[in-house]
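Chain A is the first sequence line, chain B the second, and so forth, proteins listed ahead of strands; every chain is numbered from 1.
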Protein chains: 2
Amino acid sequence: MAGKREKKSYVTTEEKIKAAARKVFMQKGYGASRTRDIAEEAGINLALLNYYFRSKEKLFHEIMMERVQHLFGAVAPIINDPSLSLESKMEKLASAYIDMLLENPDLPMFVLNELRKQPDLFKSQMNIEQLLKNSSFIKQLREKRSDVEPAQYLMNIMGLMLFPFLAKPVLLATGLAGEKNFGTLMNQRRQLIPKWIKAILQTK
Amino acid sequence: MAGKREKKSYVTTEEKIKAAARKVFMQKGYGASRTRDIAEEAGINLALLNYYFRSKEKLFHEIMMERVQHLFGAVAPIINDPSLSLESKMEKLASAYIDMLLENPDLPMFVLNELRKQPDLFKSQMNIEQLLKNSSFIKQLREKRSDVEPAQYLMNIMGLMLFPFLAKPVLLATGLAGEKNFGTLMNQRRQLIPKWIKAILQTK
DNA sequence: GTCTATAAGGGGATAGAC
DNA sequence: GTCTATCCCCTTATAGAC
């Protein structure tokens, strides 16, 4: 696999390929991506891609794991911190997430869509099931609302943050938001979402 | 295009192909779908597919238009009915949408994802921009909350309904919901979402 | 490590028989 | 309308020179 972690300041060929693969896979998805496009985007030859990663599938797998981690990685430390109140958890979540998503607007659609086609990609990587169910977040939700399943609120929180990015093309096409306006709307949501969730949790 | 609307009780070849295309395109997306798979799924020959639809692209276009209509078609009549209060609009929306989505769980992901790759597919079909901006729904939202853009609430409503279906693979993979449990959760949301939206609209 | 050339097969589309 | 056979380009992957 050619020397891992070289810590050089210049960009290695491996990294150039990965960056190109990230871009192409995210734009077109696995099936519609061609290794030729990735090689060209990386400014190298097609044969070299196979030299480093052996196959399109293996390259995709690396990118996919990395992207899943990037999408959900920020959640775990916040959700699991027992020293944070439910409210401050939500503020931190919204803030961290909106920032990350503004820099990676296509990330949620890519990950959720590819995960749908290959659900096992998820299970293999980490054991989120246990991590979630024992989290202080779930405990706090249960305390606050014993009448509604925590999963409902988890969907709400994630949905309020992620959905605008998933629906971005529709928002732009329908004129509900312009490209610059979109950023403003999302920045407003950084403050609004925690308030909304709080209101949702108090519904009778 | 071989006799439109034959109103026969038996299924025409054209319909068999469309049904197969719907299934395959929805599962794999345009780029990863092969016309050979569609033909096999339809129980016919590959040549026949081209005889009816001339090309993969034209077939896809028909399916896509139909699916977009199916996903958003139910919204317009409700949103535009000035005789409905904001609250009853939301109840009707949630109810109609959850029903439809339970029967077409993959529809939102398919449409949003393909729309991202071909944003112009949307504009061509209908003029949603005007339809939306003049809707009584938007007017009612503005009256209720002049301090927050209506688009924010529109994203919330659609997000609360659609997001669980977009994230379904993750919910299943993480054990947050089982396949049967998922239906129960969504049926609960039918009643919960209007209440949540009401609470959101009253946030200070 | 990186290239050119090429093998081996996949995929969309059509010709032409029935 | 429906089929079989086929064309031809595109794609992944590897062999082998440098």
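- When the C1' atom of D:dT2 is taken as reference, atom OH of B:Y52 falls 8 Å away, rounded to whole Å.
- Between the CD atom of B:E40 and the C1' atom of D:dT4 there is a distance of 16 Å, given to the nearest Å.
- Applying the salt bridge (Lys or Arg N to Asp or Glu O under 4.0 Å) rule to B:E91 yields no partners; only residues at least two apart in sequence or on another chain are considered.
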Each nucleotide of nucleotides 4-17 of chain C classed B (base within 4.0 Å of a protein heavy atom), S (only sugar-phosphate) or -, in 5' to 3' order, makes B------BBBBB--
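- Annotation for A:E40: atom CD does not count as buried by contact number, only 12 or fewer foreign heavy atoms lying within 6.0 Å.
- For B:K18 (side chain) and B:I63 (main-chain N/O), no donor-acceptor pair under 3.5 Å exists by modelled atom type.
- The side-chain tip of A:K56 does not point at the ring of A:F25 from less than 6.0 angstrom away and within 45° of straight on.
- Remark: P of C:dG1 and CD1 of A:I17 are 11 Å apart, rounded to the nearest angstrom.
- B:S95 places no side-chain N or O within 3.5 Å of a backbone atom of B:K92 that could act as its donor or acceptor partner.
- Within residues 20-32 of chain B, no residue has any heavy atom under 4.0 Å from DNA chain C.
- If you measure from atom NZ of B:K16 to atom P of D:dG1, you get 13 Å, rounded to the nearest angstrom.
- Note that B:K89 lies outside the cation-pi zone of B:F137, set by a 6.0 Å cut-off to the ring centre and a 45° limit from the axis.
- B:K28 and A:K117 make their closest contact through O-NZ, 3.6 Å (heavy atoms, listed as atom of the first residue, atom of the second, distance).
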### Derivation of the salt bridge (charged side-chain N to carboxylate O under 4.0 Å, His left out) call for A:R22 and A:E66
CA-CA 9 Å; A:R22 215 173 283 132; A:E66 172 208 284; 2.6 Å; yes
